[in-house]
Amino acid sequence: MANETVASASGTFSLGGDLTVNRLGFGAMRLTGKGVWGPPADPDECIRVLRRAVELGVDFIDTADSYGPYVSEDLIRRALHPYTDGLVIATKAGLLRTGPDEWTPLGFPAYLRQQCETSLRRLGVDTIDLFQLHRIDSKFPAEDQIGELRTLQQEGKIRHIGLSEVDVDQLEAAQKVATIVSVQNMYNVSTRTAEPLLDKVTEEGIGFIPWFPLAAGPLAAPGGPLQRIADDHGATPSQLALAWLLKRSPVVLPIPGTSSVAHLEENVAAAQITLSDDEFETLSRAGEAG
């Protein structure tokens, strides 16, 4: 690739007003074994993926203590520590892992504190740039869970606080306890249930991190709208799905993940695709119909 900082073509967003990143980031969930459990089949390739991402201008990496568990954070440190200036690593806590593909919310405040402390050690940092509550646990008051993150922030262990898989009401309740700079919900061209939340955070300048960003279902079928418009751009349907997210709102920070350098390079190249308003509307309507 001629442009080694191609991720910068996605534009920038400032998390919390002081962490400016290129909008197209990297999600590190896939740097693990099957079922997001245990080590990856090819750890060396995962190391290459992380280093290549940074070479391509990716400066926002999203992970979680539950990926592996712990495997993803360990690989990030192994690949990238000491970190370059401006590299923002976001992690999460609040999901307990008991086996492959098993995820149990656990928001006991003392557990969240423990996981923050161990993530600090695994990542090799004094402060976590963005620490996200992976799920609000209904077994404990939400204000206690957010409040513990706020206390950790006051202690200097967390710079900014984010939430994952919340609705508008939950975000507004959390904002009464702490400043929330990002939300992370499942969202893509064909899965749009988080639309009201995206509209709200767009108005407020809060980052929106869509997970599962490449899913397009029937839209990506041969002859479908994604494929047709992708052909016009000399691109792939997955690249079009990312380009659609980037155009949807200036607060959107897509984090496509992969354990392959080739797939990484394809994903990051999507930053250079600009959809016309007509193309964007065509895909939007098709996604709603789907």
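Residues: numbered from 1 along the sequence shown.
- Follow the hydrophobic side-chain contacts under 4.5 Å out from F212 and you never reach L24; the two are in separate clusters.
- With respect to R113 and E155, a salt bridge is recorded, a charged nitrogen being found less than 4.0 Å from a carboxylate O.
- Checking D65 against H134 by side-chain atom types alone, no donor-acceptor pair falls below 3.5 Å.
- Between R52 and E55 there is a salt bridge, with a side-chain nitrogen of the basic residue lying less than 4.0 Å from a carboxylate oxygen of the acidic one.
- Side-chain contact of E165 with W211: a donor-acceptor pair under 3.5 Å is present, judged by distance alone.
- Between the side chain of D59 and the backbone N or O of N22, at least one donor-acceptor pair lies under 3.5 Å.
- More than 12 heavy atoms of other residues, nucleotides or ligands shown are found within 6.0 angstrom of NZ on K139.
- For R135 (side chain) and G94 (main-chain N/O), no donor-acceptor pair under 3.5 Å exists by modelled atom type.
- Taken to the nearest 0.5 Å, the CD atom of E73 stands 11.5 Å off from the CZ atom of R121.
- Using a 4.0 Å cut-off between charged nitrogen and carboxylate oxygen, D199 and R248 count as a salt-bridge pair.
- Separation of atoms CG (L19) and CZ (R159) is listed at 4.0 Å; rounding is to 0.5 Å.
- Atom CG of D18 sits in a crowded spot, with more than 12 heavy atoms from other residues, nucleotides or ligands closer than 6.0 Å.
- Both F26 and V125 belong to a single network of hydrophobic side chains, linked directly or stepwise wherever heavy atoms of I, L, V, M, F, W or Y lie under 4.5 Å apart.
- In this structure, CG on L31 lies 7.0 Å from CD1 on I76, to the nearest 0.5 angstrom.
- Residues satisfying the side chain to side chain contact (heavy atoms under 4.5 Å, CB included) criterion with K247, sequence neighbours excluded, are L275, D277, F280.
- The main-chain N or O of D278 is never found under 3.5 Å from a side-chain atom of E281 such that the two would form a donor-acceptor pair.
- The side-chain heavy atoms of Y187 and R192, taken from C-beta on, include a pair separated by under 4.5 Å.
- Under a 3.5 Å cut-off, the side chain of Q145 and the backbone N or O of D137 do form a donor-acceptor pair.
- Panel note: side chain R228, backbone G223; a donor-acceptor pair is recorded below 3.5 Å.
- Between the CD1 atom in I158 and the CG atom in L152 there is a gap of 4.5 Å [rounded to 0.5 Å].
- With sequence neighbours left out, the salt bridge (charged side-chain N to carboxylate O under 4.0 Å, His left out) criterion links D44 to R78.
- Between the side chain of R97 and the backbone N or O of E102 there is at least one donor-acceptor pair closer than 3.5 Å.
- E279 and H233 are linked by a side-chain donor-acceptor pair at a separation below 3.5 angstrom, with hydrogens and angles left out of the test.
- Rounding to the nearest 0.5 angstrom, the gap separating the CG atom in L130 from the CZ atom in F60 is 5.5 Å.
- Under a 3.5 Å cut-off, the side chain of T151 and the backbone N or O of G147 do form a donor-acceptor pair.
- Judged by distance alone, with hydrogens and angles left aside, the side-chain atoms of Q132 form a donor-acceptor pair with the main-chain N or O of T91 at under 3.5 Å.
- Around the OH atom of Y83, the shell of radius 6.0 Å holds more than 12 heavy atoms that belong to other residues, nucleotides or ligands.
- Summarising the geometry, atom CG belonging to D62 is positioned 5.5 Å from atom OH belonging to Y67; distances are rounded to the nearest 0.5 Å.
- In the model, E266 has no side-chain atom that pairs as donor or acceptor with a side-chain atom of S238 under 3.5 Å.
- A salt bridge links E45 to R48: at least one charged side-chain nitrogen sits closer than 4.0 Å to a carboxylate oxygen.
- When each of L214, L226, V189 is tested with L240 by the rule side-chain contact (heavy atoms from CB on, under 4.5 Å), just one qualifies, namely L226.
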